[in-house]
Amino acid sequence: KTIEKLLKNGIKNFRFILIGRSEFKDLRFRNHISFFLNPTTLELNEILKSHNPHYTLMNFDDFAHKHYLYDSTSGLRQFSLVYNLPFVINKKFGESFGFDKSNAIFYDSNLYEAIYYAIKIINTDKYWNLKSNLHNLNEKLNYDSIALLKSCILKLKDKG
């Protein structure tokens, strides 16, 4: 429905890249959706280079993905951080992953509005600020991880 609504409102310059399993088979949108089933890292880098995406998008489901709210993370979180592609994500999942409004686009129930906004701000200061803040978050997480690892190694050395 979101794609239909974008097209109905005259927004046609967009493309979704679906990676992994997908049941989406609506051929009406083949000009706006590309499918890639579990690419290798090399293939993924080629996909990113050729398609140059602006965002990472996931519509997490409260029931099916509830474990992400409490005790695990998602590969898409890492993807967003590593490739510096701001997330368009359900607010509670985004917050659970450590994102905030400065580095991600949140939505509660209206995915269309979030995608519409995301498309409208591409190549504006708002978009570049999202990317800069996401980069800063990734740097902080990397720094914190290295500090924790060093601390654990020192504790092990003291015990040995």
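All values below come from the heavy atoms of this structure, side chains included, with hydrogens, waters and symmetry mates left out. Bear in mind that the values here come from a model prediction, so they are computed numbers and not experimental data.
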> Does the distance from a Lys or Arg side-chain N to an Asp or Glu carboxylate O, for K66 and D62, drop under 4.0 Å?
Replying inline: no
>> Are Y55 and Y83 an aromatic pair, judged by ring center distance below 6.0 Å?
In response: no
> Judged by atom type as modelled, is there a donor-acceptor pair below 3.5 Å linking the side chain of N52 to the main-chain atoms of K49?
Replying inline: no
> Which heavy-atom pair separates Y127 from I121 by the least distance, and what is that distance?
Replying inline: CB-O, 3.0 Å
> Do I115 and L57 come within less than 4.5 Å of each other through their side chains, counting heavy atoms only?
Replying inline: yes
> Do E43 side-chain atoms and T40 backbone N/O form a donor-acceptor pair below 3.5 Å?
Replying inline: yes
> Closest heavy-atom contact between P86 and L130?
Replying inline: CG-CB, 4.0 Å
> Hey, is the main chain of A147 close enough, under 3.5 Å, to the side chain of S151 for a donor-acceptor pair?
Replying inline: no
>> Would you say the rings of F93 and Y68 are close, in the sense that their centroids are separated by under 6.0 Å?
In response: no
> Same cluster or not: are L149 and L154 linked, directly or through other Ile, Leu, Val, Met, Phe, Trp or Tyr residues, by side-chain heavy atoms under 4.5 angstrom apart?
Replying inline: no
>> Could you walk me through whether L69 and K92 satisfy the side chain to side chain contact (heavy atoms under 4.5 Å, CB included) test, starting with their C-alpha distance in whole Å, then the side-chain angles of each, then the deciding distance to 0.1 Å, before giving a yes or no?
In response: CA-CA 8 Å; L69 291 171; K92 65 180 158 182; 4.1 Å; yes
>> Using 0.5 Å steps for rounding, measure from the CD atom of E139 to the CG atom of L137.
In response: 10.0 Å
> Below 6.0 angstrom between ring centroids: does that apply to H32 and F16?
Replying inline: no
> Measuring from T2:OG1 to L7:CG, what's the distance to the nearest 0.5 Å?
Replying inline: 11.0 Å
>> I'd like to know if the side chain of S132 and the backbone of N129 have a donor-acceptor N/O pair within less than 3.5 Å.
In response: no
>> Would you say V82 ends up clustered with I17 if hydrophobic residues are merged whenever their side chains have heavy atoms under 4.5 Å apart, either directly or through other cluster members?
In response: yes
> Just by distance, do the side chain of N90 and the backbone of N59 share a donor-acceptor pair under 3.5 Å?
Replying inline: no
> Any chain of hydrophobic side-chain contacts (each under 4.5 Å) joining Y70 to L76?
Replying inline: yes
>> I'd like to know if the side chain of Y117 pairs up with that of N110 as donor and acceptor (distance under 3.5 Å, no hydrogens or angles considered).
In response: no
> Which pair of heavy atoms, one from F106 and one from A114, lies closest together, and at what distance?
Replying inline: O-CB, 4.4 Å
> What do the steps show when you test Y116 against I11 for side chain to side chain contact (heavy atoms under 4.5 Å, CB included), and what is the final call?
Replying inline: CA-CA 8 Å; Y116 181 82; I11 298 173; 2.9 Å; yes
>> Restricting to non-hydrogen atoms, name the atom on F99 and the atom on L81 that form the minimum distance, rounded to 0.1 Å.
In response: CE2-CD2, 4.0 Å
>> With rounding to the nearest 0.5 angstrom, report the NZ to CD1 distance, K126 to I105.
In response: 10.0 Å
>> Is it the case that atom NZ in K131 sees more than 12 heavy atoms from other parts of the structure closer than 6.0 Å?
In response: yes
> Has the side chain of H65 got a donor or acceptor atom that lies under 3.5 Å from a matching backbone atom of D61?
Replying inline: yes
> Of all heavy-atom pairs between K91 and D108, which one has the smallest distance, and what is that distance?
Replying inline: CB-OD1, 3.5 Å
>> Counting only heavy atoms from other residues, nucleotides and ligands, does the tally under 6.0 Å from CG of D125 exceed 12?
In response: no
> Has the side chain of S80 got a donor or acceptor atom that lies under 3.5 Å from a matching backbone atom of L85?
Replying inline: yes
> So which heavy atom on N103 is nearest to which on L134, and how close?
Replying inline: CB-N, 3.6 Å
>> How about CG on N38, more than 12 heavy atoms from neighbouring residues, nucleotides or ligands closer than 6.0 Å, or not?
In response: yes
> Between CG of L141 and CG of N136, what distance do you get to the nearest 0.5 Å?
Replying inline: 11.0 Å
> Rounded to the nearest 0.5 Å, how far does CD of Q78 lie from CZ of F97?
Replying inline: 9.5 Å
>> Given 3.5 Å as the limit, does a donor-acceptor pair link the side chain of R15 with the main chain of S34, or not?
In response: no
>> Take a 6.0 Å sphere around CZ of F36 and say whether it holds more than 12 heavy atoms from other residues, nucleotides or ligands.
In response: yes
> Can you find a heavy atom in the side chain of F14 that is under 4.5 Å from one in the side chain of I3?
Replying inline: yes
>> Would you compute the distance between atom CD1 of I89 and atom CZ of R77 and round it to the nearest 0.5 angstrom?
In response: 10.0 Å
